[in-house]
Amino acid sequence: MTVRTRFAPSPTGYLHIGGLRTALFCWLYARRHGGKFILRIEDTDLERSTQEAIRQIIDGMQWAGLDHDEGPFYQSKRFARYQEVIDGLLAEGNAYRCYCSKEELEALRAAQVARGEKPRYDGRWRERTDARSGVDPVIRFKNPLTGAAVVEDAVHGRVVFQNSELDDLIIARADGTPTYNFCVVVDDMDMNITHVIRGDDHLPNTPRQQNMLLALGRRPPVYAHLPMILGADGAKLSKRHGAVSVLQYRDEGYLPEALLNYLARLGWSHGDQEIFSMDEMVRLFDIADVNKSASAFDAEKLGWLNQQHMMRAPPDRLLEPLRRQLAQAGIDADDDQKLGRIVVAQRERAKTLREMAQSSVFFYRAPQAYDDKAVRKHVTAQTVSLIAQALRGFRGLDDWSAAAIHGLIGAVAAAGGVALGKLAQPLRLAVCGGPVSPPIDLTLAILGKDETLARVARAAAAWQSAP
RNA sequence: GCUCCCUUCGUCUAGAGGCCUAGGACACGGCCCUCUCAAGGCUGUAACACGGGUUCGAAUCCCGUAGGGAGCGCCA
């Protein structure tokens, strides 16, 4: 039997970290077993579902590279099918019409809560066949009254729910539209889903869904309920925890493979390994290695992983996303060769592509000012003269390679009787305006001879009156 | 309130009864490297929620307790 998994978000908001992690595990499992990954949009709540959310979910999945083999299917387009199944259930006596008004149900709930009981429908219309005029009935599933629903969960193990704890849930509203718990069952059945992998907030729904599947004469799929992802403070992930839409991570300069690697390690592990390529994850992923406890989202570790992935990726991989980041700063980085050198020079000193872009602006734009504190610390009359000598040397340097530049700077510093840093820092300040950059020789090499000469000359003039 | 789930360093985790003096990673501190910042190397601080069992032996199995979470909608 081929494995078939599905990711089934409801388009009532953006695709967030938790959803992406669920999608990742579904995708990994399908890919690992040569199965199919299906995307299904659960938009039965016509009020709250939006086209914008659907677009964002699909964009997010695409950016992450979690490609689906079938779909996207829309529940809103399958109402006829749901109706058909409801009619069948009704005909077989596995569902019934309930004429309770919302007010009546609210009163029932209030009384139960007052008595300290779990609020639930008491089945008052379960055996009635009459109708009540003036009220549009809802359809309820006739849940077994006795026995237990045993869920064999792939991550939690056997979980037993007593049927007496379950009530007859509504599968169709008074207006005839089907509800979530029912649609999921019909869809998973029709789409031949073999493994339902989802957040463990759904675990309490599972016995009802399984009972419906059984009533429909189907064998339940394998269920795997993943632990939740919490915010850094251990509280439920919410808007307060910063970036929430996965597209925001793209915009902030994270590599999808790094985000996915981070997310995979939340709740899953393979020995002591921390860094995984997509291929490795596909090859190594197994539901058996998923743990049961919720985990807190740690932005620091994500940043570290992103850097590790940036350092390992072929430099070409970073060209486009870095170019987009630079464009944000108004820079048109159209020279691939130069950009590639910048990537190699900067990747080990940035957590994100955005950071990399920000610290690389000077490669395209001469500094408008020099960092005051750094000038006071590094610029003296002596450095001005050293710079003048370096400048003369640069002019006569035909080989503008990092090695040649390094040799020249080293010689000038040695002749002046100072350590390399005494010259490197002022030069760095001259070309980038601040005290931080990649190694000075590499920096000047990438910048180019003409630009270096212009910037250094300008700085030398500005610092003429240094003490 | 009821049902269900969860519980190893601050965080992510390894750990399937002896290999645990509890390992790795992020973060944090120190040292090294070094033209800055990083990256890298070495190193340090830091955890089995608690209480009972079972066993020659328990982080690992069982039972309680505590804490956390989810669900209990004509939402998904």
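Note that the structure is a prediction, hence the values are computed from the model and not measured. All chains are named by letter (A, B, ...) in the order of the sequence lines, taking the proteins before the strands, and each is independently numbered beginning at 1.
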Distance check needed: [N] [atom2] versus [X] [atom1], whole Å only.
{"X": "A:N306", "N": "B:C26", "atom1": "CG", "atom2": "C1'", "result": "14 Å"}
{"X": "A:L305", "N": "B:G24", "atom1": "CG", "atom2": "P", "result": "18 Å"}
{"X": "A:W304", "N": "B:U13", "atom1": "CH2", "atom2": "C1'", "result": "13 Å"}
{"X": "A:W268", "N": "B:A25", "atom1": "CH2", "atom2": "C1'", "result": "14 Å"}
{"X": "A:Y262", "N": "B:A27", "atom1": "OH", "atom2": "C1'", "result": "12 Å"}
{"X": "A:D201", "N": "B:G71", "atom1": "CG", "atom2": "P", "result": "6 Å"}
{"X": "A:I229", "N": "B:U13", "atom1": "CD1", "atom2": "C1'", "result": "14 Å"}
{"X": "A:Y99", "N": "B:C74", "atom1": "OH", "atom2": "P", "result": "18 Å"}

| field | Donor/acceptor link under 3.5 angstrom from A:D272 side chain onto base of B:G23 | value | yes
| Would you say the side chain of A:R109 and the base of B:C72 hold a donor-acceptor pair, judged only by whether the two atoms sit under 3.5 Å apart? | no
Please tell me whether [X] and [Y] have a donor and an acceptor in their side chains that are separated by less than 3.5 angstrom.
{"X": "A:Q425", "Y": "A:R428", "answer": "yes"}
{"X": "A:N306", "Y": "A:T352", "answer": "no"}
{"X": "A:Q83", "Y": "A:D87", "answer": "yes"}

Identify which nucleotide among [options] has an atom closest to any side-chain atom of [X], counting heavy atoms from C-beta outward.
{"X": "A:T179", "options": "B:A14, B:U36, B:A76", "answer": "B:A76"}
{"X": "A:Y180", "options": "B:A76, B:U36, B:C35", "answer": "B:A76"}
{"X": "A:R349", "options": "B:A38, B:C26, B:C35", "answer": "B:A38"}
{"X": "A:A424", "options": "B:G40, B:C12, B:C35", "answer": "B:C35"}
{"X": "A:R265", "options": "B:C12, B:U11, B:A76", "answer": "B:C12"}
{"X": "A:D298", "options": "B:A39, B:U13, B:G10", "answer": "B:G10"}
{"X": "A:M311", "options": "B:G40, B:A76, B:C26", "answer": "B:G40"}
{"X": "A:K301", "options": "B:C74, B:U36, B:C26", "answer": "B:C26"}

| request: Report the residue (A:P11 or A:A296) whose heavy-atom-nearest nucleotide on RNA chain B is the more 5′ of the two. | output: A:A296
| remark: Per nearest nucleotide of RNA chain B, the residue lying toward the 5' end, A:T177 or A:P435, is A:P435
Is there a side-chain contact between [X] and the phosphate of [N], meaning an N or O under 4.0 Å from OP1 or OP2?
{"X": "A:S295", "N": "B:U13", "result": "yes"}
{"X": "A:N291", "N": "B:U13", "result": "yes"}
{"X": "A:Q273", "N": "B:A25", "result": "no"}
{"X": "A:S437", "N": "B:U36", "result": "no"}

| request: Take A:E257 and A:R312 through the salt bridge (charged side-chain N to carboxylate O under 4.0 Å, His left out) test and state the conclusion after the steps. | output: CA-CA 11 Å; A:E257 57 268 38; A:R312 274 154 228 252; over 6 Å; no
With rounding to the closest Å, how many angstrom separate the [atom1] atoms on [N] and [M]?
{"N": "B:A39", "M": "B:G29", "atom1": "P", "result": "13 Å"}
{"N": "B:G41", "M": "B:A46", "atom1": "C1'", "result": "22 Å"}
{"N": "B:C12", "M": "B:A49", "atom1": "P", "result": "14 Å"}
{"N": "B:A38", "M": "B:A47", "atom1": "C1'", "result": "31 Å"}
{"N": "B:A59", "M": "B:U8", "atom1": "P", "result": "15 Å"}
{"N": "B:C72", "M": "B:U55", "atom1": "C1'", "result": "41 Å"}
{"N": "B:U54", "M": "B:C31", "atom1": "C1'", "result": "49 Å"}

| In terms of side-chain geometry, is the basic nitrogen of A:D188 or A:R40 positioned less than 4.0 Å from the acidic oxygen of its partner? | yes
| message | I'd like to know if A:D187 pairs up with A:R6 as an ion pair, taking the criterion as any Lys NZ or Arg NE/NH1/NH2 lying under 4.0 Å from an Asp or Glu carboxylate oxygen. | response | no
What are the atom names and distances for every N/O pair under 3.5 Å that joins the protein to nucleotides 1-8 of chain B?
unit_1: B:G1; atom_1: O2'; unit_2: A:G116; atom_2: O; d: 2.1
unit_1: B:C5; atom_1: O3'; unit_2: A:H156; atom_2: ND1; d: 3.0

| request: For A:C432, answer base if it contacts any base atom (sugar-phosphate contacts may also be present), sugar-phosphate if it contacts only those atoms, and nothing otherwise; contact means non-hydrogen atoms under 4.0 Å. | output: nothing
| What orientation do A:F79 and A:Y82 show, parallel under 30°, tilted 30 to 60°, or perpendicular over 60°? | tilted
| Close aromatic pair by centroid cut-off 6.0 Å: A:Y96 and A:W125 | no
| message | Please identify which of these residues, A:Y262, A:W304, A:Y249, meets the ring pair (Phe, Tyr, Trp, His ring centres under 6.0 Å) condition with A:Y254. | response | A:Y249
| request: Taking ring-ring contact (aromatic ring centres under 6.0 Å, His included) as the test, write out the residues that go with A:H156, two or more places apart. | output: none
